[in-house]
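As structure tokens, the structure follows; a few thoughts come after it.
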Amino acid sequence: MLDIRFIRDNRDTVEGMLKHRGYDSNLQSILTLDQKRREAIQEVESLKHERKVVSDQIAQMKKNGEDASPIISRMRQVSKRIKELDGKLGEAEEEIQRMLLLIPNVPHESVPVGKDENDNPVVKRWGEISQFPFTPKPHWELGEKLGILDFERAAKMTGARFTLYWGLGAQLERALINFMLDLHTTKHGYVEVLPPFVVNSSAMMGTGQLPKFKEDLFKLEDWDYYLVPTAEVPVTNIFMNEILEEEDLPLYYTAYTPCFRSEAGSYGKDTRGLIRQHQFNKVEMVKFTTPEQSYDELESLLLDAEEVLQKLELPYRVVTLCTGDLGFSAAKTYDIEVWIPGQQAFREISSCSNFGDFQARRANIRYRPKGKKKIAYLYTLNGSGLAVGRTLVAILENWQQENGSVVIPPALRPYMGGVDIISPRG
RNA sequence: GGAGAGAUGGCCGAGUUGGCUGAAGGCGCUCGCCUGCUAAGCGAGUGUUGGGGGAAACCUCAACCGAGGGUUCGAAUCCCUCUCUCUCCGCCA
């Protein structure tokens, strides 16, 4: 959420920035409403002041045994008027809030201007694109032949876009989760948390999924509860309505959760395999920082995510999302894209973003800057470290052998009880 | 699911016959004094949000005692609804 005062004072800048991300903003209506609101405040507050003073008078008069009824009946009118104005003011404030919640974040100045994903500049490449002396198979073919992925049976009990993992496949998924969490906690300094997998609407509001992207979420019937689409939601909202001390920042958290997404509007895309599921596992990293250090923290967050792929020896590249491709809440985002041999393409496996104070303002997460009196909104960041299902896809496809077996990357073997290869018979 | 108790400032904790209580007292914290060091002691200060003014320091007004409504000239105090916490019973991994 943007600061209404910032919009008021920097209208042209805000409009220009939002235009770059393809958002056609009409700030006039919100500013008009804001003007009205401030006028109403002045009127109602002066009446409240009068009420306060006169009420004290009434108390005095009663004490002295005087007759206060003429003033009381006059104040009755004043109170009535206050109630009216307060009602109108409340409506205006709600309307402003509603509008603010729908305006996307302003991109950071370092974000390249562009229209869509084709304009995302590649900023880094790592590893050699795997060369095979045979035609690499897609992971669903490998997974089914190995007997570790079962899409058909998952569809019986649930439906499309769900997967049943068997045996070493299930173990591989679990190994990846532990491997990632251990890397972030022991080497990168993150504190592991295990949050609820269901959150309420104010948490969804806080991180920006609501009110605009309701159709992407799974909601529990008759409850104000939603299945988490990412651990970002519960973890960022840990400090909702709290004030932290600057000396406690930055805070690093990592969490494993399953993620549930309705994938509305993606009917034709990635219909086979694990790439696009209604439920997938993810290890997330979340940071709470001061504004000053946040962009350095974004760089190190990216490196923390990259290291997972490096240890698994999976080739990838990093792109900076251009203004037109940026997510609703983000000020700046790097996507890590891993090489998928079966598709001969790079596919997103992690998204690392700085949200500035956008989420903090929504979730009301603040900190006390050292040496200053005024409290301020802190900055939130998060990144996947990594999407587990897609990591499993990348391993199957990049580490596949001609006979359909898959070698386990060495870094992962301790987590696989020493298993170093998954073979069709195994 | 049934019965009961509670929710006040960073923390503890007064205030529930409605009226200078944004809120006593204590702890903590900050600054100053004092002290050979530490501890103790003394003095001052110490919430948030919004409006208005100011270059700023800051000044001023309003709101906030779980949330939202209501009664009243006036509500932390009375009434209603909701949320959460705790205790007991039932059920249960």
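In what follows, chains carry the letters A, B, and so on, assigned in the order in which the sequence lines appear, proteins first and then strands, with residues in each chain numbered from 1.
Checked for salt-bridge contact, E43(A) and R81(A) meet the test: a charged N lies under 4.0 Å from a carboxylate O.
As rounded to whole Å, 12 Å separates atom C1' of G50(B) from atom CG of D3(A). Distance, M240(A) CE to A67(B) P: 16 Å, rounded to whole Å. I72(A) places its CD1 atom 5 Å from the C1' atom of C73(B), with the value rounded to the nearest Å.
Looking at Q60(A), its side chain has no donor and acceptor atom pair within 3.5 Å of the base of G19(B).
Contact between the side-chain N/O atoms of R38(A) and the OP1/OP2 oxygens of G51(B) is not found at any separation under 4.0 Å. Between R51(A) and U72(B) there is no side-chain polar atom (N or O) within less than 4.0 angstrom of OP1 or OP2. Contact between the side-chain N/O atoms of K83(A) and the OP1/OP2 oxygens of U71(B) is found at a separation under 4.0 Å. Note on H49(A): every side-chain N or O is 4.0 Å or more away from OP1 and OP2 of C61(B). Considering only side-chain N and O atoms, S79(A) lies under 4.0 angstrom from the phosphate OP1 or OP2 of G74(B). The side chain of R368(A) places no N or O atom within less than 4.0 Å of a non-bridging phosphate oxygen (OP1 or OP2) of G47(B). For G51(B), one of the phosphate oxygens OP1 or OP2 lies less than 4.0 angstrom from a side-chain nitrogen or oxygen of R5(A).
Counting only heavy atoms from C-beta on, Q42(A) has its side chain closest to G51(B) among G51(B), U48(B), C73(B). Relative to the side chain of I375(A), the nucleotides G19(B), G50(B), U49(B) differ in distance, and U49(B) lies closest. Closest to the S55(A) side chain, of the nucleotides G74(B), G47(B), A63(B), is G74(B).
Ring geometry, W223(A) versus Y225(A): the interplanar angle falls under 30°, so the pair is classed parallel (tilted spans 30 to 60°).
Along RNA chain B, the nucleotide nearest to S73(A) and the one nearest to D34(A) differ in position, and the one closer to the 5' end is contacted by D34(A).
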